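Report on the structure given below.
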Amino acid sequence: IIAVILAMIRTLIFELINEIRIHIKSKINKFRVNKQIITKLDKYDYFGYHNLNELLNILYKQFVEIQKAWMNFDYDKLKTLCTDELFESYKSDLEVLKKKNGKNIMKFFIKRDIYIKDIEKNDDHYIIDLVLDVAFFDYVIDENTKSVIRGKKMSLIGNKYSLQFYCYD
């Protein structure tokens, strides 16, 4: 029995050390990417913002605005915040949700990590590839009964998003 317990402890320690190595490696890679991104942002004058933090905060706020517009079935707001393709996708998903008398509730957003992965210049716009790790409450209720029909009301959900933001000249 003791040998089995020791083997289990050894396995757990090995997994923990491996997880720490992965975490450290990802932080190092993120730092390398950020140096390249800073060079590009300097070249593009931070798209009119004062610094990287201001730009990241604006992009994060846009993400939250998109989620709120989705939650409130605000098609006009979604149309201004999303590409035509994404808008059409959201619109059809919302129509299905509406037919089922559902409403998606998303609240208490917590930004855990955010960084720019890449910036690309096209003819008349820039594409900012953003990685956002965020947690929030996310569940669906029945509009009539207000009961939860999908997800858990008191469960914080964490998601890591890979997003693209378009900035026009």
Side-chain angles (χ1 to χ4, degrees), residues 26 29-30 32-34 36-169:
S26 72
N29 288 341
K30 201 183 311 181
R32 287 183 191 150
V33 170
N34 281 342
Q36 295 167 355
I37 295 303
I38 294 297
T39 303
K40 286 184 179 182
L41 286 170
D42 282 340
K43 181 180 172 184
Y44 303 140
D45 197 28
Y46 291 90
F47 303 105
Y49 298 101
H50 291 103
N51 55 44
L52 178 61
N53 286 335
E54 185 180 5
L55 176 61
L56 291 174
N57 284 332
I58 293 295
L59 296 175
Y60 172 71
K61 286 177 184 175
Q62 274 195 309
F63 167 81
V64 172
E65 286 300 309
I66 291 169
Q67 303 314 307
K68 287 179 180 178
W70 163 273
M71 184 176 73
N72 294 317
F73 294 92
D74 189 343
Y75 295 104
D76 293 334
K77 184 81 167 181
L78 282 172
K79 186 85 170 146
T80 64
L81 293 171
C82 300
T83 61
D84 292 340
E85 296 83 12
L86 186 58
F87 172 74
E88 290 302 322
S89 173
Y90 280 175
K91 184 178 171 186
S92 68
D93 290 346
L94 286 171
E95 292 302 319
V96 170
L97 191 59
K98 195 182 279 188
K99 284 179 186 173
K100 294 180 178 180
N101 293 318
K103 179 174 178 157
N104 198 172
I105 305 295
M106 294 175 277
K107 57 187 177 182
F108 303 116
F109 292 86
I110 301 166
K111 178 176 46 174
R112 299 191 297 196
D113 194 15
I114 185 170
Y115 61 94
I116 295 174
K117 190 170 154 184
D118 195 17
I119 301 171
E120 180 183 319
K121 178 155 176 41
N122 286 347
D123 295 334
D124 66 338
H125 65 280
Y126 301 89
I127 300 172
I128 300 173
D129 287 324
L130 185 79
V131 176
L132 173 62
D133 187 355
V134 64
F136 52 94
F137 292 96
D138 183 8
Y139 55 94
V140 177
I141 62 168
D142 181 297
E143 273 281 65
N144 298 326
T145 65
K146 304 298 184 209
S147 62
V148 176
I149 56 175
R150 189 171 64 219
K152 294 181 182 175
K153 193 173 189 175
M154 299 307 292
S155 224
L156 197 61
I157 304 296
N159 288 313
K160 192 169 192 173
Y161 295 92
S162 182
L163 305 166
Q164 287 190 326
F165 288 89
Y166 288 51
C167 297
Y168 292 89
D169 289 334

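Source: prediction; values computed, not measured.
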Inset, instruction - Evaluate the criterion side-chain contact (heavy atoms from CB on, under 4.5 Å) for residue pair Q67 and D138; output intermediate values, then yes/no. - result: CA-CA 10 Å; Q67 303 314 307; D138 183 8; over 6 Å; no
Legend entry - Residue pair I66, L86: steps toward the side-chain contact (heavy atoms from CB on, under 4.5 Å) verdict: CA-CA 11 Å; I66 291 169; L86 186 58; 5.6 Å; no
Inset, instruction - Starting from the C-alpha separation in whole Å, work towards a yes-or-no answer on side-chain contact (heavy atoms from CB on, under 4.5 Å) for Y166 and N122. - result: CA-CA 10 Å; Y166 288 51; N122 286 347; 5.9 Å; no
Inset, instruction - Give the C-alpha distance, both sets of side-chain angles, the deciding distance and a yes or no for side-chain contact (heavy atoms from CB on, under 4.5 Å) between I114 and N57. - result: CA-CA 9 Å; I114 185 170; N57 284 332; over 6 Å; no
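Proximity of L130 to L56: side-chain heavy atoms (C-beta onward) are separated by under 4.5 Å at one or more points. Looking only at side-chain heavy atoms (C-beta outward), I105 and F137 stay at 4.5 Å or farther from each other.
Between K117 atom NZ and L163 atom CG the span is 11.0 Å, to the nearest 0.5 Å. Note that CG of L97 is 6.5 Å distant from CH2 of W70, once rounded to the nearest 0.5 Å. To the nearest 0.5 Å, the span separating CG on N159 from CG on L132 amounts to 9.5 Å. Between I116 atom CD1 and L59 atom CG the span is 6.0 Å, to the nearest 0.5 Å. The distance from atom NZ of K103 to atom CD1 of I141, rounded to the nearest 0.5 Å, is 6.5 Å. To the nearest 0.5 Å, atom CG of residue N104 and atom CE of residue M106 are 4.0 Å apart.
Residues that satisfy the side chain to side chain donor-acceptor pair (under 3.5 Å) test with S147, not counting sequence neighbours, are T145. Residues satisfying the salt bridge (charged side-chain N to carboxylate O under 4.0 Å, His left out) criterion with D133, sequence neighbours excluded, are R112. E143 is linked by a side chain to side chain donor-acceptor pair (under 3.5 Å) to K146, counting only residues two or more places apart in sequence or in another chain. Taking the salt bridge (charged side-chain N to carboxylate O under 4.0 Å, His left out) definition, one finds that R150 meets it with nothing, sequence neighbours left out. The ring-ring contact (aromatic ring centres under 6.0 Å, His included) check on F87 picks up nothing, with sequence neighbours excluded. Every residue two or more places apart in sequence or in another chain that forms a side chain to side chain donor-acceptor pair (under 3.5 Å) with Y139 is listed here: K107. A search for side chain to side chain donor-acceptor pair (under 3.5 Å) contacts involving Q164 returns D129, not counting sequence neighbours. Considering only residues two or more places apart in sequence or on other chains, Y60 meets the ring-ring contact (aromatic ring centres under 6.0 Å, His included) condition with none of them.
For residues 142-165, the ring-ring contact (aromatic ring centres under 6.0 Å, His included) pairs, not counting sequence neighbours, are F63-Y161. Sequence neighbours left out, the pairs with a member in residues 60-87 that pass salt bridge (Lys or Arg N to Asp or Glu O under 4.0 Å) are E65-K77, K79-D84. Sorted pairs that involve residues 89-100 and meet salt bridge (Lys or Arg N to Asp or Glu O under 4.0 Å), not counting sequence neighbours, are lacking altogether.
The two residues V134 and F109 come nearest to each other via the heavy atoms CG2-CD2, 4.3 Å.
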